[in-house]
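What follows is a single structure, written as structure tokens, with notes after it.
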Amino acid sequence: LDEFVDGLKRIRNYVFKNKNGIGQRSIACGIMFLKFGVAIQISDFEHFLCKSRSSINCSFQQEKYLTAPFTESVLQEIGRA
């Protein structure tokens with residue numbers, strides 16, 4: 001789990017390394033850091049962590065992240081990110 005958290009921190013630091021290009025780096029990494037969570041494109045994200053989809057989902061659950069359905073409010077938050 002520590003490896004997962006460290007990988008997530010490294011990706012977050014990369015995405016936010018400067019204000020220009022945050023959106024492009026988020027898309028490339030398959031993760032978007034939102035105000036109240038994260039949105040992930042699992043097929044892209046798993047390449048950066050070198051973990052399986054199942055392992056990533058399990059790690060997020062162990063870190064107390066919850067799965068939310070893709071709703072209009074989630075879409076609006078993604079649009080603001």
Side-chain angles (χ1 to χ4, degrees):
L1 190 59
D2 290 338
E3 182 182 323
F4 175 78
V5 173
D6 289 342
L8 196 56
K9 286 179 184 177
R10 283 194 314 267
I11 291 170
R12 184 181 177 90
N13 288 341
Y14 168 72
V15 167
F16 290 105
K17 70 180 184 176
N18 63 52
K19 290 220 179 247
N20 294 327
I22 291 173
Q24 291 89 347
R25 288 188 296 277
S26 291
I27 291 169
C29 293
I31 188 167
M32 185 172 283
F33 295 90
L34 306 172
K35 187 175 182 179
F36 295 109
V38 295
I40 61 171
Q41 174 60 37
I42 195 78
S43 60
D44 295 331
F45 187 65
E46 64 188 342
H47 294 292
F48 281 89
L49 290 182
C50 300
K51 292 186 172 278
S52 70
R53 180 178 304 216
S54 176
S55 177
I56 290 170
N57 287 333
C58 183
S59 295
F60 272 119
Q61 289 172 352
Q62 289 176 344
E63 284 296 305
K64 308 296 185 218
Y65 282 84
L66 301 174
T67 303
F70 195 74
T71 62
E72 183 64 32
S73 62
V74 172
L75 184 59
Q76 288 174 356
E77 188 171 350
I78 290 171
R80 287 190 295 266

Sequence-distant partners of Y65, ring pair (Phe, Tyr, Trp, His ring centres under 6.0 Å), two or more places apart: F60
Shortest non-hydrogen separation from K51 to S55 and the atoms involved: CD-OG, 3.7 Å
Separation of F4 CZ from Q62 CD (nearest 0.5 Å): 9.5 Å
Check: C29 and Q41 side chains under 4.5 Å, non-hydrogen atoms: no
Residue list, side-chain contact (heavy atoms from CB on, under 4.5 Å) with R10, at least two apart or on another chain: D6
Flag, side chain of R25 to backbone of R12, donor-acceptor distance under 3.5 Å: no
Whether F33 and F16 hold their rings parallel, tilted or perpendicular, with breakpoints at 30° and 60°: tilted
Heavy-atom closest pair, residues L8 and I31: CD1-CD1, 3.6 Å
Taking every non-hydrogen atom, the tightest pair across S26 and V15: OG-CG1, 3.3 Å
I42 side, atom CD1; H47 side, atom NE2 - distance, nearest 0.5 Å: 10.0 Å
Nearest heavy-atom neighbours spanning I22 and N18: CG1-O, 3.4 Å
